[in-house]
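Here's the structure, in structure tokens; my notes come after.
Every number for a ligand or one of its atoms is a count from 1 in the order of the listing.
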Amino acid sequence: MRVLLLGGTTEASLMARLLAQAGVDAIFSYAGRTAAPRQQPLPVRVGGFGGPEGLAAYLRDTGITRVIDATHPFAAQMSKHAITACAKVDVPLLAFERAPWIPKQGDNWLTVPDVVNAVAALPVMPAKVFLAIGKQLIRVFATRPQHEYLLRLVDSPEAPLPLANANVVIARGPFTEEGDTALMQHHCITHVVAKNAGGMGARAKLDAARALGLPVILIDRPVMPPRVIARTPEDVMKWLGHPACLGV
Ligand code: NAP
């Protein structure tokens with residue numbers, strides 16, 4: 001068995017530890033978006049494969065027999081390419097996907113289907129918006145220049161931001177409710193915009209918003225074609241035919 005682990009998330013790093021501990025022959029794949037990606041206990045490759053055809057060729061050429069897609073729930077293109085490529089070369093694929101967040105009592109969420117609707121959901125009057133959606137989609141918010149934006153990014157921006165009125169915090173999760181509460185208070189945030197990523201480390205901003213009584217505009221996940229999904233690392237290990245490793 002030879003596994004390709006598509007990464008870029010906390011869950012993928014957890015899977016990498018489990019695979020290494022279990023002695024599974026596996027390769028970890030990063031898109032190469034961040035300047036200093038986390039070290040992994042597996043051999044790492046970096047960069048796109050060149051679409052589904054490139055990925056299919058990679059699977060064939062490197063003798064991969066299983067693919068675990070542990071990319072972010074909003075990395076839909078990679079996940080769709082994995083479905084196409086694995087079907088083409090007949091390699092089993094499993095998506096290790098975190099469950100979406102669901103509201104708790106006291107949450108004030110407006111769920112929207114995409115980033116364009118998130119922009120439309122902002123008030124007309126100037127607001128102070130914590131835009132917790134990474135850097136790729138922030139350009140769309142330039143159509144609402146009356147707002148002051150707070151961005152949290154993994155790396156310092158290399159080019160000028162498309163938002164004139166923006167403060168940037170450089171930080172890498174996981175985050176805590178206490179830390180995010182303090183951050184939002186410090187910047188007098190009135191609205192939070194986030195993606196429904198699921199998972200623990202990124203949920204802190206939603207818990208902080210609830211504690212502060214702030215509204216959250218929550219972008220729904222992109223719809224994916226049907227695929228086999230595991231919700232826990234133990235289920236991924238079972239799918240591979242390995243007993244779950246506890247205590248990791
Ligand atoms: P995307 O739009 O689905 O993917 C764009 C292209 O990047 C893919 O077609 C593929 O290029 C390449 N790619 C993506 N993930 C890859 C991986 N793990 N290994 C090799 N190539 C990869 O993805 P994205 O939204 O830009 O996200 C990029 C990476 O950041 C993902 O790995 C994801 O897990 C991580 N991430 C994303 C988000 C988010 O909100 N989107 C948040 C946190 C982390 P080719 O077509 O050339 O193969």
Side-chain angles (χ1 to χ4, degrees), residues 3-16 19 26-40 42-62 64 66-89 91 93-98 100-101 112-115 118 130-141 151-155 170-175 192-206 217-225 227 229 236:
V3 174
L4 174 65
L5 175 59
L6 299 170
T9 58
T10 308
E11 286 71 16
S13 298
L14 170 61
M15 265 333 300
L19 293 175
I27 299 169
F28 190 103
S29 178
Y30 273 123
R33 295 281 190 277
T34 55
R38 275 182 210 287
Q39 298 282 313
Q40 299 296 341
L42 296 173
V44 171
R45 66 160 303 284
V46 181
F49 297 94
E53 300 76 22
L55 177 56
Y58 177 88
L59 298 176
R60 250 191 330 253
D61 295 348
T62 51
I64 298 291
R66 301 270 181 130
V67 175
I68 300 168
D69 177 1
T71 58
H72 192 271
F74 282 74
Q77 183 170 301
M78 184 69 252
S79 294
K80 286 177 186 167
H81 289 181
I83 293 171
T84 307
C86 287
K88 188 169 179 185
V89 294
V91 168
L93 166 71
L94 180 74
F96 178 26
E97 192 188 84
R98 350 162 172 182
W101 293 315
V112 293
D114 52 34
V115 70
F130 181 17
L131 210 46
I133 59 170
K135 66 180 172 190
Q136 289 183 54
L137 300 173
I138 57 177
R139 181 173 302 280
V140 191
F141 289 84
L151 309 177
R152 180 160 60 194
L153 306 175
V154 175
D155 297 312
I170 305 299
R172 190 193 290 256
F175 303 104
V192 177
V193 178
K195 297 171 172 175
N196 193 341
M200 293 308 294
R203 201 194 144 103
K205 56 185 172 273
L206 303 180
I217 299 165
L218 195 61
I219 306 171
D220 256 345
R221 295 170 174 205
V223 178
M224 289 299 301
R227 58 190 181 154
I229 289 174
V236 179

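The proximity of A76 to ligand 1, defined as any non-hydrogen pair under 4.0 Å, is limited to the backbone. Under 4.0 angstrom from ligand 1, the non-hydrogen atoms of R45 all belong to its side chain.
Set against the non-hydrogen atoms of K195, the atoms of ligand 1 under 4.0 Å away are 39 (C), 40 (O), 41 (N). Atoms of ligand 1 lying under 4.0 Å from at least one heavy atom of G48, given by number and element, are 11 (O), 21 (N), 45 (P), 47 (O), 48 (O). Near Q136, with a cut-off below 4.0 Å to any heavy atom, the atoms of ligand 1 are 24 (P), 25 (O), 26 (O). Every atom of ligand 1 with a heavy atom of G47 under 4.0 Å away is listed here by number and element: 20 (C), 21 (N). Near S29, meaning under 4.0 Å from one of its heavy atoms, ligand 1 places the atoms 17 (C), 18 (N), 19 (N), 20 (C). Counting the atoms of ligand 1 from 1 in the order shown, those under 4.0 Å from a heavy atom of G51 are 45 (P), 46 (O), 47 (O), 48 (O). Taking every non-hydrogen atom of Y30 and a distance limit under 4.0 Å, the qualifying atoms of ligand 1 come out as 17 (C), 19 (N), 20 (C). Which parts of ligand 1 touch G8 is read off a 4.0 Å heavy-atom cut-off, strictly below it: atoms 34 (O), 35 (C), 36 (N), 44 (C).
V236 has its side chain within reach of L94: a pair of non-hydrogen atoms, C-beta onward, lies under 4.5 Å apart. Side chains of F49 and H81 form no contact here, defined as non-hydrogen atoms less than 4.5 Å apart.
Side chain of R221 to backbone of A197: a donor-acceptor contact under 3.5 angstrom is found. Formation of a donor-acceptor pair under 3.5 Å by the R45 side chain with backbone atoms of G47 is found in this model. Checked by atom type and distance alone, the side chain of T9 never pairs as donor or acceptor with a backbone atom of H72 at under 3.5 Å. Between the side chain of D155 and the main chain of A35, a donor-acceptor pair closer than 3.5 Å is present. When atom types are taken as modelled, the side chain of Y30 and the backbone of R38 share a donor-acceptor pair closer than 3.5 angstrom.
Counting heavy atoms only, A31 comes closest to atom 17 (C) of ligand 1 of the residues A31, A85, G134. Relative to atom 33 (C) of ligand 1, the option among K80, H72, E53 with the closest non-hydrogen atom is H72.
For G7, the heavy-atom gap to ligand 1 drops under 4.0 angstrom. The closest approach between a heavy atom of S79 and any atom of ligand 1 is not below 4.0 Å.
Other residues, nucleotides and ligands contribute at most 12 non-hydrogen atoms within 6.0 Å of the CZ atom of R139.
Q77 CB, 3.8 Å is the protein heavy atom nearest to atom 2 (O) of ligand 1.
One side chain, D69 or S79, offers a donor N or O that lies under 3.5 Å from an acceptor on the other.
Under a 4.0 Å N-O distance rule, the pair E97/R227 qualifies as a salt bridge.
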